[in-house]
Amino acid sequence: MAQKPGIPKGTRDFGPGELARRYYIIEVIREAFERFGFQPIETPSFENYDTLMGKYGDEGDRLIFKILNSGDFLSKVGADELAKGDANSLTPKISEKALRYDLTVPFARYVVMHQNELDFPFKRYQIQPVWRADRPQRGRFREFFQCDADVVGATGILQELEFVQLYDRVFDQLGLKGVTIKINHRKVLAGIAEVIGASDKLIDFTVALDKLDKIGAAGVEKEMLGKGLAPDAVEKVKPLLDTTMDAMGRFEKLEELLSDSEVGQEGLADLRSILEQTDALGLRASTLVPDVTLARGLNYYTGAIFEVAAPEGVEMGSIGGGGRYDDLTGIFGLKDLSGVGISFGLDRIYLVMEQLGLFPPSVDQQLDVFCINFGEAEAKAAFKLVLNLRSKGVRTDIYPNAAKVGKQFKYADKRGVPRVILIGDEELKAGNFTVREMKSGEQATFSMAQWEDFAAQLLR
RNA sequence: GUGGUUGUAGCUCAGCUGGUUAGAGCGCUGGAUUGUGGUUCCAGAGGUCGCCGGUUCGAACCCGGUCUUCCACCCCA
């Protein structure tokens, strides 16, 4: 009895057409990473359970895929414990491994484990899949690729400036215009919380603030009150919730509000200087915008926070994010090592580019020449020519058997080949090959001896 | 994890208040055309109606469960 095949929800197969486009994006990102001096690393797809758990907050823990122990996974569980049915205390006993949830925490683990081999500041990039046990939606998958660049062991905002430029270079190369790079600062958020006397509720406060776009000022106020923030504290935040004001306007309000907060001032100084210097350096495809409501990665970011929004009119969550974490390696025992990094969401960038029709046609053309097979003797000569063309870097293929010519042409057409070579008995006798341009239907005949000229012409 | 939604041919979808043999377009295969694709014409193949169970004389259609899709939360690339 054959079973019906399927793949787990939130996962996808990729066909040749999709992969050509994905590789194109990856190549642009990779080239940019290397141009900016980052070095590649890879880490295992699964880590020890304890390495990942507790690093992303309660919500994050829930979304981590746990791997069931091999063999008798119940051997360490007592009968009474099993009967209790408490999943939280049971899980660590039956699972010692978990699928990578992001690339940042594994990187921190890598840095700590290899600290004696690394030259600091260490700049690495990493392009690998990560897994989250989330409920899928458009642009949200349970298996997806992140493309991360981080530097550890470097302080000073030159790094932040560099990451903004890196984002911009990639989006410019991809032809993705109108991207917004939003920036905020963890110390600014801490400053606001301090000024309004809600330092102990920092996370609740920022999570609520982050929803301004979605639920509006009234919704944010309601959520803050619901989370137990004092009414007069919420009142003080109100000026920041004025959605009629643009980003810079709200930024100025912020400067007023934070005049008495030392942390707040530190954050503002960073932000101001990143904004000013970026302004002076210029950006090609994107805009850098301060956004007080931006709050993410609260469990480890300590300085600047980035989030990248797709161009206006495209319905898509963030296509990138990042920030500075002063003590990420601290949890693994290596203190006082500052890190900053950003991430590109490959799968979402793909969807945005698809929607905007930004893939160049050349990406979809994966074969330069296709050779028709007319029979044994003809194919022998043809195959020689095919190998010659391939040796020069021309992407060439030949039909494996002497099927009907019409069928072979149809196949060539499906593969999107721009030109077809014909070597039938006429050409074979004369020592020629005929080239048909599929689009125009024009045909030209070359002498076999001219194959190098023909190849050179294609590669121009 | 919560609430909702979707599932019929390879793809996009029809299918009436439950009624006989479940349809269309595109695609696919073959032929018209044994050295010429993308146009045209002709013929053909392809479905346990997501899966399991229930109600009924009778279920693609109604009910329950389950899986899947998409959406809103939560959170996030």
Side-chain angles (χ1 to χ4, degrees), chain A residues 1-12 15 25 29 56-64 87-88 101-104 127-148 167 203 207-208 210-211 214-215 219 223 294-299 306-310 315-322 341-352 370-375 378 399 402-428 433-443 445:
Chain A
M1 178 72 159
Q3 65 165 337
K4 207 173 187 176
I7 55 175
K9 82 165 129 183
T11 66
R12 297 149 296 159
I25 299 173
I29 294 173
Y56 310 100
D58 290 344
E59 200 58 34
D61 285 356
R62 203 197 79 211
L63 297 175
I64 292 173
N88 284 336
Y101 175 88
D102 72 356
L103 301 178
T104 307
I127 300 174
Q128 288 190 278
V130 301
W131 295 267
R132 293 183 189 176
D134 214 344
R135 199 171 281 207
Q137 284 178 41
R138 171 179 297 288
R140 169 181 288 189
F141 307 99
R142 299 212 290 187
E143 176 181 64
F144 61 98
F145 266 71
Q146 288 193 331
C147 314
D148 276 30
Y167 265 141
I203 300 242
V207 165
D210 188 48
K211 293 181 188 167
K214 215 176 227 173
I215 60 178
E223 171 147 346
L294 176 61
R296 61 192 311 94
L298 293 168
N299 288 284
F306 297 106
E307 180 170 293
V308 183
E315 283 289 314
M316 185 58 64
S318 59
I319 58 174
I342 58 170
S343 181
F344 292 85
L346 173 65
D347 304 80
R348 287 183 177 178
I349 291 174
Y350 178 99
L351 290 171
V352 169
F370 187 79
C371 197
I372 303 289
N373 184 330
F374 282 93
E378 293 91 336
Y399 205 83
K404 285 193 181 172
V405 174
K407 186 181 166 123
Q408 296 191 45
F409 262 96
K410 217 166 181 171
Y411 177 79
D413 196 43
K414 288 264 171 60
R415 301 247 337 230
V417 186
R419 59 194 72 78
V420 164
I421 287 181
L422 299 107
I423 302 176
D425 61 357
E426 260 174 57
E427 285 88 352
L428 187 64
F433 62 94
T434 297
V435 178
R436 179 184 177 86
E437 293 294 329
M438 292 296 272
K439 209 167 178 183
S440 63
E442 279 171 41
Q443 297 196 177
T445 301

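Chain letters run A, B, ... following the sequence lines, proteins first and then strands; every chain starts at 1.
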(request) Could you give the distance separating B:C28 and B:C11 at their C1' atoms, to the nearest angstrom? (result) 11 Å

Requested in this report: Describe the nucleic acid contact of A:S343 in one word from base, sugar-phosphate, nothing, applying a heavy-atom distance below 4.0 Å.
Outcome: nothing

Hits for side chain to side chain donor-acceptor pair (under 3.5 Å) against A:Q137, two or more places apart or cross-chain, chain-then-number order -> none

Would you call A:L346 and A:F144 a side-chain contact if the rule is heavy atoms closer than 4.5 Å? no

_When you measure only distances, ignoring hydrogens and angles, does the side chain of A:R132 come within 3.5 Å of the base of B:C75 through a donor and an acceptor?_
no

To the nearest angstrom, the CG-C1' distance between A:D61 and B:C75 comes to 13 Å

Interatomic distance at C1', B:G10 relative to B:G19, whole Å = 31 Å

- request: State whether the side chain of A:Q408 and the backbone N or O of A:A403 hold a donor-acceptor pair below 3.5 Å, judged by distance alone.
  value: yes

Rounded to whole Å, the CD1-C1' distance (A:I203 to B:C76) equals 15 Å

Pick base, sugar-phosphate or nothing for A:D102, based on heavy-atom distances below 4.0 Å to the nucleic acid.
nothing

Q. Can you tell me how far P in B:G58 sits from the matching atom in B:G18, rounded to whole Å?
A. 16 Å

Separation between the P atoms of B:U33 and B:C42, rounded to whole Å
16 Å

Would you mind classifying the nucleic acid contact of A:F344 as base, sugar-phosphate or nothing, using non-hydrogen atoms under 4.0 angstrom? nothing

Contact string for nucleotides 34-45 of chain B, one letter per nucleotide 5' to 3', B = base within protein heavy-atom range under 4.0 Å, S = sugar-phosphate only, - = neither, reads -BBBB-------

### Query
For atom C1', what is the distance between B:G7 and B:G15, given to the nearest Å?
15 Å

ask   = Any side-chain heavy atom of A:E378 within less than 4.5 Å of one from A:D425?
value = yes

A:Q137 CD to B:U68 C1', in whole Å, measures 15 Å

note: A:K214, atom NZ; B:C71, atom C1'; distance rounded to Å ~ 12 Å

Just to be sure I understand the rule, does A:G139 reach a base, reach only the sugar-phosphate, or reach nothing, if contact means heavy atoms closer than 4.0 Å? base

Subject >> Side-chain N or O of A:K211 closer than 4.0 Å to phosphate OP1/OP2 of B:C74 >> reply: yes

Would you say CZ of A:R12 has more than 12 non-hydrogen atoms from neighbouring residues, nucleotides or ligands within 6.0 angstrom? yes

By nearest-nucleotide position on RNA chain B, the 5'-leaning member of A:R348 and A:R138 is A:R138

Per the 3.5 Å Watson-Crick/G-U criterion and a run length of at least three, the stems involving RNA chain B are B:1-4 with B:70-73, B:10-13 with B:23-26, B:28-32 with B:40-44, B:50-54 with B:62-66

Pairs under 3.5 angstrom, nitrogen or oxygen only, protein versus nucleotides 3-7 of chain B, please.
unit_1	atom_1	unit_2	atom_2	d
B:G3	O6	A:R135	NH1	3.1

**Asked** Are A:T434 and A:E427 linked by a side-chain donor-acceptor pair shorter than 3.5 Å?
**Response** yes

message: Ring-plane angle category for A:Y399 and A:Y411, please: parallel below 30°, perpendicular beyond 60°, tilted otherwise.
response: perpendicular

Atom CG of A:L63 and atom P of B:C76 are separated, to the nearest Å, by 9 Å

In whole angstroms, the gap separating P of B:C67 from NZ of A:K9 amounts to 7 Å

Distance, P atom - from B:G54 to B:A59, rounded to whole angstrom
12 Å

Residues pairing under salt bridge (charged side-chain N to carboxylate O under 4.0 Å, His left out) where one sits in residues 403-418 of chain A, two or more places apart or in two chains, turn out to be A:D397-A:R415

Mind checking whether A:F145 and A:D347 have side chains closer than 4.5 Å, heavy atoms only?
yes

| said: Taking the six-membered ring for Trp, are A:F344 and A:Y167 closer than 6.0 Å centroid to centroid? | reply: yes

For A:Y350, the ring pair (Phe, Tyr, Trp, His ring centres under 6.0 Å) test, sequence neighbours excluded, returns A:F359

Item to complete: Considering only atom C1', compute the distance from B:U39 to B:U21 and round it to an integer number of Å.
Response: 36 Å

Separation of B:U69 atom P from A:R12 atom CZ, nearest Å, is 11 Å

*Would you indicate what A:G10 reaches in the nucleic acid, counting non-hydrogen atoms under 4.0 angstrom: base, sugar-phosphate, or nothing?*
sugar-phosphate

ask   = Would a distance-only check, ignoring hydrogens and angles, find a side-chain to backbone donor-acceptor pair under 3.5 Å from A:R142 to A:K9?
value = yes

**Request:** Would you confirm whether A:R348, through its side chain, and A:I319, through its main-chain N or O, come within 3.5 Å as a donor-acceptor pair?
**Result:** no

Here the distance between atom P of B:C75 and atom OH of A:Y101, to the nearest Å, is 11 Å

> What interatomic distance, in whole Å, is found between C1' of B:G44 and the corresponding atom of B:G3?
Replying inline: 48 Å

